[in-house]
Amino acid sequence: MASPSTSVEIRHGAYHDSVTLMQVSRSVSTVDGVRAALIAMATELNLDLLDGMGFPAPDGAGPNDLLVAIRADDAEAVARGKAELDAALARSSAGGSGSGGLGAAPPPRTTGSAARRTGANLALVSVPGAHAFSEAMDALEAGLNVMLFSDNVPVEQEIRLKDEGAKRGLLVMGPDCGTAAVAGVGLGFANTVRPGAVGIVAASGTGAQQLMCLLDAAGVGLSHCLGVGGRDLSAAVGGRSTRQALAMLAADPATELVIVVSKPPAKEVADQISAYAEGLATPVQLAFLGAGRPDLTAAARRAVATVGGSWPQLQTWTPTPAPAPAAGSLRGLFAGGTLCDEAMVIAAQELGPIRSNIPLQPDWELPGDLTAEGHTMIDFGDDRLTQGRAHPMIDQRSRLERVAAETKDPRTAVLLLDVVLGYGAHPDPASELAPALADSIRTARADGRSLAVVVSLCGTEGDPQGLARQGDALAAAGAVVHRSNADAARAAAALTRETG
């Protein structure tokens, strides 16, 4: 095979937000002949990632410059990658302010000036974490509520932003707020759900998506989903945005029930939020994950009953033949942190300790290489694994590589994965995942052992990827597919537990 061709270039002053660049990087990576690509702002973190990928260091690059690094089979493939880069950037800017003309007003140069010009009341901030605070504060000072998609924002800055928002009667959603839906408009990673009377306050992105999708399956609609960031119910932040969001939804005449969903919160903060919720006129249901607490499917079922709906028989896709119990370990590979948390809580009750990069207990933490004997679950969407690369809901390569690695491990008995649909996510996740899972099952069978695969499919009938099409494809590959993440976790644990 010919030696690969490598290109590293810096486009000075060509700023693009991180969400756009995650999508663009993935588009370039899928071009025929491209082996690796990094399209990102030339921050110190991304320059370190560039070095780790084996690219030469560029000269004179700064955080306001666009870094374009492509390794491909040959120069022609590099050229195709660059052409796709330019096309993807053009697509991302389509529908913008246009080319203007003589006498046209210049585009706004700050968040605050844009707010004053447009009359908006919500700003979505998606810039590197080091610059997020100033943009979010500018938006608050201009009278805007803020959805802060950016991660890696220091907790001290988060607290200051949320205190400033509360002082102004504004909501700060985030940092690291990946999902929200306001008046029917999805922001970040969002599913297509029907309008209705249930509001959600979410210190969890995929937890909120799971609830929304299960409610939609039961015919129950959403008024708003207000994300507050994964740290909001920590002891440090103290539920600042959760209180603000609860107050806003309680004042909304369209909202008849509010659900608060979170990964395991700090106990003292959970108690404070519970007491605060009891004082509101609108009923509030707490859906806090943790040992001894109801799972998200049980929370959705209770909410459906509260608003007078009927719980449906959730669809399950079962392959032929159905997988048999297998001796060995359960290995969970997740894109959603809350879905991983929920699966660990459920599986640990049946199987004992589950080691993870987001462990339920400190002594269950995985080592740095994320490998260990026994049962393990990995959250590939954790901040430490997404620095300088697209989220696994967009780019599945990190999980696909781990599927192959787990398949080679004779101790692996059951694979458990989540697939999250909706806007912002991979346009057709089964197109990549199904062949990889089918190959894993065949490989294990050729080695004289059994490998069971269970998938949690989070989505709705209206999502652009096609819920039924995704379920059919994954089942055809040999996976048992559940719409409930809790059901998937129980099924995976049972397939493991029954053979000891």
Taking atom types as modelled and ignoring hydrogens, do the side chains of Thr338 and Asp341 form a donor-acceptor contact shorter than 3.5 angstrom?
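Their side chains do not contain a donor-acceptor pair, so the 3.5 Å distance test is not met.
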Taking atom types as modelled, is there a side-chain donor on Gln210 or Asn485 under 3.5 Å from an acceptor on the other?
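The answer is no; no qualifying pair exists.
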Any side-chain hydrogen bond (donor to acceptor under 3.5 Å, both in side chains) pairs touching residues 403-416, not counting sequence neighbours?
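Those involving residues 403-416 are Arg331-Glu406, Arg331-Asp409, Arg331-Thr412, Arg402-Glu406, Glu406-Thr412, Thr407-Ser440, Asp409-Arg411.
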Got a sec, which residues hit side chain to side chain contact (heavy atoms under 4.5 Å, CB included) with Tyr423, two or more places apart in sequence or on another chain?
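Tyr423 satisfies side chain to side chain contact (heavy atoms under 4.5 Å, CB included) with Thr192, Pro464 once adjacent residues are dropped.
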Does atom CG of Asp86 have more than 12 heavy-atom neighbours from other groups under 6.0 Å away?
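More than 12 heavy atoms, drawn from other residues, nucleotides or ligands, come within 6.0 Å of this atom.
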May I have the list of side-chain donor-acceptor pairs in residues 467-479 shorter than 3.5 Å, sequence neighbours left out?
{"unit_1": "Arg469", "atom_1": "NH2", "unit_2": "Gln465", "atom_2": "O", "d": "2.7"}
{"unit_1": "Gln470", "atom_1": "OE1", "unit_2": "Ala430", "atom_2": "N", "d": "2.9"}
{"unit_1": "Gln470", "atom_1": "NE2", "unit_2": "Asp428", "atom_2": "OD1", "d": "2.8"}
{"unit_1": "Gln470", "atom_1": "NE2", "unit_2": "Gln465", "atom_2": "O", "d": "3.3"}
{"unit_1": "Asp472", "atom_1": "OD1", "unit_2": "Trp317", "atom_2": "NE1", "d": "3.1"}

Could you give the distance from SG (Cys213) to CG (Leu314), rounded to the nearest 0.5 Å?
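One finds 11.0 Å between SG of Cys213 and CG of Leu314.
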Asn191 CG to Asp216 CG distance, which is reported to the nearest 0.5 Å
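If I round to the nearest 0.5 Å, the distance is 8.5 Å.
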For His375, ring pair (Phe, Tyr, Trp, His ring centres under 6.0 Å) partners two or more places apart:
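In terms of ring pair (Phe, Tyr, Trp, His ring centres under 6.0 Å), with neighbours along the sequence ignored, His375 is linked to no residue.
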State which residues pass ring pair (Phe, Tyr, Trp, His ring centres under 6.0 Å) with Phe149; sequence neighbours excluded, sorted by chain then number.
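Counting only residues at least two positions away or on another chain, Phe149 forms no ring pair (Phe, Tyr, Trp, His ring centres under 6.0 Å).
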Residues in side chain to side chain donor-acceptor pair (under 3.5 Å) with His426, at least two apart?
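His426 satisfies side chain to side chain donor-acceptor pair (under 3.5 Å) with Arg26, Glu432 once adjacent residues are dropped.
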May I ask you to decide whether Glu365 forms a salt bridge with Arg355, counting only side-chain N to carboxylate O separations under 4.0 Å?
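Salt bridge between Glu365 and Arg355, a charged N being under 4.0 Å from a carboxylate O: no.
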